[in-house]
2 protein chains.
Amino acid sequence: MSTPSPASATDAAEPAHRSTREQILGEALACFAQSGYEGTSLNDIAAGVGIRRPSLLHHFGSKEALYQEVFEHLLSDWFERLASAIGAPGRGWDKVELVLRAGFRFFADNPSYVRMVRREAIDGGQHLAIDLASVLRPMFDLAADYFEREMESGNFVPQDARQLLITGYGALLSYFSDEPFLEGLLDVAPLSESALSAREEHIVAFFHAALVP
Amino acid sequence: MSTPSPASATDAAEPAHRSTREQILGEALACFAQSGYEGTSLNDIAAGVGIRRPSLLHHFGSKEALYQEVFEHLLSDWFERLASAIGAPGRGWDKVELVLRAGFRFFADNPSYVRMVRREAIDGGQHLAIDLASVLRPMFDLAADYFEREMESGNFVPQDARQLLITGYGALLSYFSDEPFLEGLLDVAPLSESALSAREEHIVAFFHAALVP
DNA sequence: CTGTCTGCCTACCGACCAGTAGGTAGACAG
DNA sequence: CTGTCTACCTACTGGTCGGTAGGCAGACAG
């Protein structure tokens, strides 16, 4: 990595005292999000924590193992939050809005993770032990079925459900993954609370307009 | 790069005989799109062309220079195509549809380039000599003004024009940049002609629904 | 006090990187 | 035949990478 260290991205909250292991996970998330897998060296991460590389490798057996632990830990957090939104009562548009907002808020809380996911989506999951598409596909199919049922019932405007999901995926992720680019395109910081809520309301309104007759 | 070489992505058409220089540019585009700047070594590119690394460096002074030439060459192609769509006659929704389709078709013709652009958007343009956001911003502001005028005239549904543009950006780019991921999520190859035209029609219909009263 | 475990260190390894030095074979000009 | 230019080569440089070997200091148990 060329730039020394992002020190700490603004993701999530951090308790006053974290174990070295947790500090490594946090710094690794920031570095991998900032510079990608190949662009991040273990020295960068170790320096951000204030230890040497061999000490880091005392906690995580390899660079790959560290990367996968960061990725899969946050993936399961995301799944948990999504599942609780899906499990919540509600139907029709209300449920879509709930899931949309839950996804948005998770991404807003973990922008670095969105950038990691996006990098893997571009690469085809080169550095992952799991196949991201296979893991997400059941949820994708379930959502598509849900949309199709609501369209048939006349609650939603009929259209290609899978295309709609891909568009939603792009609308949600791109704002966070491309934040460094959007930073230069807009006059406000994309991750400021006011910009975030404007973005959230736009996404909800946009999908409402396209879905609800 | 771990995988030996994509040999040739399906981008654009290629004449029977290309100069070594052009072959290098083509192979570099494929490799940088596939594996990113840090993930691609000059050996990978040279091997794809069938020469050695020092011979490649005879044509391009450095890795950075090669990368920037690939990037800026396609950026100007994109600008040209966009400008001709913007300059074409038409107003209101027809013009939006024209620009949307022109953008989509350029991306469909150059999927590798979309992946390069997306990587730079995530990185914040670390490997570029130019500032991508600054270059694109005049066009972004022009488009926002156009939408706002049409909304005031009552031709478009009133909404946040800049948010709309960001959503359009995400809808167009994500389908191509994340093609390796979508490949595993869908049953059809995302870049097959039938899938492409389905995607194009969905995007056009989706924005029509959100914009036109 | 002694043995063991944890967390960190310095010093090193082989592999690979981008880039350079210097040479060669062929085309073409005079 | 000679000089020059282009396109390529092998061989090397300094530097960085991930990972390993081995040691050391402190905590804690018996």
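Every chain is numbered from 1 and lettered A, B, ... according to where its sequence line falls, protein lines coming before strand lines. Just the heavy atoms: all of them, side chains too, but no hydrogens, waters or symmetry mates, feed the values below.
- Distance A/Phe60 CZ to D/dG18 P: 15 Å, rounded to the nearest Å.
- Ring centroids of B/Phe176 and B/Tyr113 are separated by 6.0 Å or more, keeping the two rings apart.
- Qualifying side-chain contact (heavy atoms from CB on, under 4.5 Å) partners for A/Arg81, counting only residues two or more places apart in sequence or in other chains: A/Arg105, A/Phe106, A/Asp109, A/Asn110.
- Checked against side-chain contact (heavy atoms from CB on, under 4.5 Å), A/Glu69 has the following partners two or more places apart in sequence or in another chain: A/Arg21, A/Leu25, A/Phe60.
- Note: CG (A/Leu57) to C1' (C/dG7) measures 13 Å, nearest angstrom.
- Taking the ring centroids of B/Phe107 and B/Trp78, they lie under the 6.0 Å cut-off.
- In this structure A/Tyr169 satisfies the ring pair (Phe, Tyr, Trp, His ring centres under 6.0 Å) test together with B/Phe181, sequence neighbours excluded.
- Judged by a 6.0 Å distance limit and a 45° cone about the ring axis, B/Lys63 is positioned over the six-membered ring of B/Tyr37.
- Near-neighbour residues of DNA chain D inside residues 63-70 of chain B, defined by a heavy atom below 4.0 Å, are absent.
- Qualifying side-chain contact (heavy atoms from CB on, under 4.5 Å) partners for B/Glu201, counting only residues two or more places apart in sequence or in other chains: B/Arg101.
- Under 4.0 Å is where a charged nitrogen must lie from a carboxylate oxygen, and between B/Asp145 and B/Arg149 no such pair does.
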Polar atom pairs between nucleotides 8-16 of chain C and protein, under 3.5 Å, N or O only, would you list them?
unit_1	atom_1	unit_2	atom_2	d
C/dC8	OP1	A/Thr20	OG1	3.1
C/dC8	OP2	A/His59	NE2	2.5
C/dC9	OP2	A/Arg52	N	2.7
C/dC9	OP2	A/Ser55	OG	2.4
C/dT10	OP2	A/Arg52	NE	3.4

